[in-house]
Chemist: 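Quick one: the structure is below, and I'll ask about it shortly.
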Amino acid sequence: MKKQLFTSAALLLAISALPALADDMTKYQEESRKVAKEFIQQLGGELQKEMKANGPVAAIKVCRNVAPAIASEASRKNGWRVARVSLKTRNPLLGLPDAWEQKVLSDFEKRMENENPAGMEFAEVVTEPQGKFYRYMKAIPVQDACLKCHGTSETIPQNVKDALNSEYPHDKATGYTLGQIRGALTIKRPL
Ligand code: HEC
């Protein structure tokens with residue numbers, strides 16, 4: 001009897017916690033989407049401005065300096081890890097995915113068969129040795145503007161190739177075509 005009472009109390013507790021958890025997940029997702037959108041818009045804006053004003057070689061430094069700066073500001077402001085990762089990195093120091101991110105990126109590739117990468121995202125609560133985290137990823141599709149620096153041999157101008165060769169001799173982030181997934185924005189939020 002005592003045990004039964006305990007079980008139903010535990011069950012009740014579990015049930016009453018469920019909607020809260022669902023609410024939290026919605027809230028976390030909305031907050032992550034907002035940070036991801038701001039990041040992508042801010043970087044896109046700066047990149048476009050520099051490309052127009054001074055061309056793609058000059059714009060390389062926007063990606064080199066501004067992208068990590070926006071990421072670390074977002075991390076500081078929110079207390080989360082905010083970064084861009086890829087299965088084929090240009091800068092392995094910042095862009096290498098961890099095991100969870102690798103799996104999500106591979107899943108994104110599979111989802112491409114019947115899904116538009118523009119709205120592709122994935123979120124999950126995971127327990128790791130360091131604690132519990134809300135993890136979120138949003139796919140970053142290849143657009144026209146990316147091809148000058150991440151495209152094929154035909155779309156990357158020679159002076160950009162030269163600059164990339166000297167600054168990123170281990171660059172893996174070329175050969176992309178329109179609509180593919182270049183990588184993802186990733187958020188890791190301690191709970
Ligand atoms: C002017 C050249 C240039 C253009 C245009 C450009 N990128 Fe990049 N991209 C770079 C450079 C340089 C890096 C490496 C930055 C660093 O050192 O952290 C990079 C890194 C990245 C990364 C981080 C992962 C990695 O490979 O290191 C992603 C994701 C990315 N770019 C996506 C895009 C997308 C999407 C577009 C188009 C909207 C784009 N880039 C346009 C030059 C460019």
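One-based numbering, in listed order, for ligands and for the atoms of each.
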Chemist: Starting from atom 8 (Fe) of ligand 1, find the nearest protein heavy-atom neighbour and note its residue, name and distance.
Modeler: H150 NE2, 2.1 Å
Chemist: Can you list the ligand 1 atoms lying under 4.0 Å from a non-hydrogen atom of P56?
Modeler: 1 (C)
Chemist: Hey, mind stepping through Y134 and K188 against side chain to side chain contact (heavy atoms under 4.5 Å, CB included) and telling me if it holds?
Modeler: CA-CA 6 Å; Y134 174 80; K188 186 172 177 181; over 6 Å; no
Chemist: Check for a donor-acceptor pair, side chain of T155 on one end and backbone N or O of L147 on the other, with a separation under 3.5 Å.
Modeler: yes
Chemist: So is K88 actually on top of Y176's ring, under 6.0 Å and inside 45° of the axis?
Modeler: yes
Chemist: With a cut-off of 4.0 Å, which atoms of ligand 1 are near a heavy atom of Q143?
Modeler: 38 (C)
Chemist: Does M137 offer a backbone N or O that forms a donor-acceptor pair with the side chain of T186 under 3.5 Å?
Modeler: no
Chemist: Please check: side-chain N/O of T89 versus main-chain N/O of V85, any donor-acceptor pairing under 3.5 Å?
Modeler: no
Chemist: Check E101 with R81, please: is the shortest side-chain N to carboxylate O separation under 4.0 Å?
Modeler: yes
Chemist: Ion pair present between E115 and K110, side-chain N to carboxylate O less than 4.0 angstrom?
Modeler: no
Chemist: Can you figure out which of Q48, R84, R90 has its heavy atom closest to atom 21 (C) of ligand 1?
Modeler: R84
Chemist: As a check for students: among G151, A145, G183, identify the option with a heavy atom nearest to atom 5 (C) of ligand 1.
Modeler: A145
Chemist: Please indicate whether Q102 has more than 12 foreign heavy atoms, meaning atoms of other residues, nucleotides or ligands, lying under 6.0 Å from its CD.
Modeler: yes
Chemist: Determine whether the side chain, the backbone, both or neither of V160 has a heavy atom under 4.0 Å from any heavy atom of ligand 1.
Modeler: neither
Chemist: Have a look at ligand 1 and work out which part of E167, if any, has a heavy atom under 4.0 Å from it: side chain, backbone, both or neither.
Modeler: neither
Chemist: Which heavy atom of the protein is the closest neighbour of atom 35 (C) of ligand 1, given with residue, atom name and distance?
Modeler: I140 CG2, 3.3 Å
Chemist: Which residue and non-hydrogen atom of the protein lie closest to atom 15 (C) of ligand 1, and at what distance in Å?
Modeler: C63 O, 3.3 Å
Chemist: Pairs of nitrogen or oxygen atoms closer than 3.5 Å, one from R64 and one from ligand 1: do any exist?
Modeler: no
Chemist: Do any heavy atoms of K172 fall under 4.0 Å from ligand 1?
Modeler: no
Chemist: Could you tell me whether a side-chain N or O of N116 sits under 3.5 Å from a main-chain N or O of A118, the two making a donor and an acceptor?
Modeler: yes
Chemist: Identify the protein heavy atom lying closest to atom 38 (C) of ligand 1, giving its residue, its atom name and the separation to 0.1 Å.
Modeler: C146 SG, 2.7 Å
Chemist: NZ of K148: more than 12 outside heavy atoms within 6.0 angstrom?
Modeler: no
Chemist: List ligand 1 atoms under 4.0 Å from A59, heavy atoms only on the residue side.
Modeler: 1 (C)
Chemist: Test your reading of the structure: does T89 have an N or O sitting under 3.5 Å from an N or O of ligand 1?
Modeler: no
Chemist: Below 4.0 Å from ligand 1: does a non-hydrogen atom of P141 turn up there or not?
Modeler: yes
Chemist: Atom NZ of residue position K161 - does it have more than 12 heavy atoms of other residues, nucleotides or ligands inside 6.0 Å?
Modeler: yes
Chemist: So for ligand 1, is Y168 a polar contact partner (N or O within less than 3.5 Å, distance only)?
Modeler: yes
Chemist: Does this structure show an ion pair linking E128 with R135, if we count only N-O contacts that are shorter than 4.0 Å?
Modeler: yes
Chemist: Regarding E30 and K34, does a basic nitrogen lie under 4.0 Å from an acidic carboxylate oxygen?
Modeler: no
Chemist: Which residue and non-hydrogen atom of the protein lie closest to atom 3 (C) of ligand 1, and at what distance in Å?
Modeler: C149 SG, 2.8 Å
Chemist: Report the part of N91 (side chain from C-beta onward, or backbone N, CA, C, O) that has a heavy atom under 4.0 Å from ligand 1; answer both or neither where that applies.
Modeler: both
Chemist: R182 versus ligand 1: do any nitrogen or oxygen atoms come within less than 3.5 Å of each other?
Modeler: yes
Chemist: Check each heavy atom of L94 against ligand 1 and say whether those closer than 4.0 Å belong to the side chain, the backbone, both or neither.
Modeler: side chain
Chemist: Among the heavy atoms of K148, does any lie under 4.0 Å from an atom of ligand 1?
Modeler: no
